[in-house]
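Taking it in order: structure first as structure tokens, then the write-up.
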Amino acid sequence: MIIIAITGASGVVYSLKLLEALKKLNIETGIVVSEPAETVINHELKIKLEDIKKLANHFYESHDLSSSINSGSFNFDSLVIVPCSMKTLSAIANGYGNNVITRVADVALKEKRKTVIVPRETPLRAIHLENMLKIAKEGGVILPAMPAFYHNPENIDDMVNFIVGKILDSLDIDNNLFKRWE
């Protein structure tokens with residue numbers, strides 16, 4: 001199972017498209033959505049949390065620290081935090097598991113499970129970069145939402161699909177969401 005965590009950063013379209021792609025591939029998913037993310041989902045996508053929940057096999061409440069995914073003995077394959085706010089990134093980098101998202105990240109990193117973090121902030125401060133480096137040194141993949149243009153994107157969906165395709169690549173999941181360099 002892949003856990004998808006959605007924080008309150010801009011760019012929730014990436015999590016929506018990732019969940020849609022994983023559903024098409026029949027890959028089991030669980031999601032956890034922070035309270036600020038619910039607001040961003042409504043604002044940016046004009047949909048409700050219930051619409052996102054329908055795309056996943058399991059839903060975990062963001063404040064339920066007794067949630068199964070917060071235990072190292074719970075079996076899941078990988079974690080993707082998309083988009084990841086700098087607040088969440090900082091908490092993860094500094095071992096502050098104060099909610100389900102930061103705790104499941106702590107579990108994923110300590111158990112050496114694939115952990116992909118898609119930070120959404122610009123410009124970046126030195127502390128943001130230091131926090132990303134801390135996570136990368138522990139084996140986490142830092143995959144900034146920086147679309148490429150060599151594949152000549154024709155619309156926003158092409159740019160979003162590039163990032164989602166790169167997330168899937170990081171999880172070793174074959175996909176054809178973007179045109180690869182030849």
Establish, from distance only, whether the side-chain atoms of [X] and [Y] form a donor-acceptor pair under 3.5 Å.
X: Asn152; Y: Lys179; value: no
X: Thr102; Y: Asn99; value: yes
X: Ser62; Y: Glu35; value: no

If you count every heavy atom of other residues, nucleotides or ligands that lies below 6.0 Å from [X] atom [atom1], does the total exceed 12?
X: Lys87; atom1: NZ; answer: no
X: Lys54; atom1: NZ; answer: no
X: Asp174; atom1: CG; answer: no

Check this for me, if you would: do [X] and [Y] make a salt bridge, where the nitrogen-to-carboxylate-oxygen distance has to be below 4.0 angstrom?
X: Asp157; Y: Lys17; answer: yes
X: Lys53; Y: Glu50; answer: yes
X: Asp51; Y: Lys48; answer: no

Taking all heavy atoms of [X] and all of [Y], pick out the closest pair and write down the distance.
X: Leu65; Y: Asn70; value: O-ND2, 3.4 Å
X: Gly72; Y: Val107; value: CA-CG1, 3.7 Å
X: Val100; Y: Glu61; value: CG2-O, 3.1 Å
X: Ala9; Y: Pro83; value: O-CG, 3.3 Å
X: Ile163; Y: Pro147; value: CD1-N, 3.7 Å
X: Ala56; Y: Thr29; value: CA-OG1, 3.3 Å

Exercise for the section: Give me the ring orientation class for His151 and Phe178: parallel if the planes are under 30° apart, tilted from 30 to 60°, perpendicular past 60°. Expected result: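 Perpendicular, since the angle between the ring planes exceeds 60°.
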Between [atom1] on residue [X] and [atom2] on residue [Y], distance to nearest 0.5 Å:
X: Ile41; Y: Leu16; atom1: CD1; atom2: CG; value: 8.5 Å
X: Leu143; Y: Ile167; atom1: CG; atom2: CD1; value: 6.0 Å
X: Leu18; Y: Ile4; atom1: CG; atom2: CD1; value: 4.0 Å
X: Leu55; Y: Leu19; atom1: CG; atom2: CG; value: 5.5 Å
X: Asn42; Y: Leu45; atom1: CG; atom2: CG; value: 9.0 Å
X: Ile69; Y: Met1; atom1: CD1; atom2: CE; value: 7.5 Å

Quick one: does [X]'s side chain get under 4.5 Å of [Y]'s, heavy atoms only?
X: Ile101; Y: Ser34; answer: yes
X: Pro119; Y: Met86; answer: yes
X: Ile92; Y: Asn131; answer: no
X: Leu22; Y: Leu168; answer: yes
X: Lys134; Y: Asn94; answer: yes

Problem - Leu177 vs Phe162, side-chain contact (heavy atoms from CB on, under 4.5 Å): CA-CA, chis, key distance, verdict - result: CA-CA 6 Å; Leu177 289 177; Phe162 177 84; over 6 Å; no
Problem - From CA spacing to verdict: side-chain contact (heavy atoms from CB on, under 4.5 Å), Val82, Ile117 - result: CA-CA 6 Å; Val82 56; Ile117 296 179; over 6 Å; no
According to a 4.5 Å side-chain heavy-atom criterion applied to Ile, Leu, Val, Met, Phe, Trp and Tyr, with indirect links allowed, do [X] and [Y] form part of one hydrophobic cluster?
X: Ile2; Y: Tyr60; value: no
X: Phe76; Y: Leu109; value: yes
X: Val118; Y: Met132; value: no
X: Val104; Y: Leu171; value: no
X: Val33; Y: Tyr14; value: yes

Is a side-chain N or O of [X] found less than 3.5 angstrom from the main chain of [Y], in a donor-acceptor match?
X: Ser170; Y: Lys166; value: yes
X: Glu44; Y: Gly11; value: yes
X: Asp106; Y: Gly95; value: no

Exercise for the section: Could you walk me through whether Ile6 and Val32 pass side-chain contact (heavy atoms from CB on, under 4.5 Å), step by step? Expected result: CA-CA 6 Å; Ile6 307 170; Val32 56; over 6 Å; no
Handout entry: Verdict with reasoning, Leu79 to Arg113, per side-chain contact (heavy atoms from CB on, under 4.5 Å)
Key = CA-CA 8 Å; Leu79 168 68; Arg113 296 179 188 158; over 6 Å; no
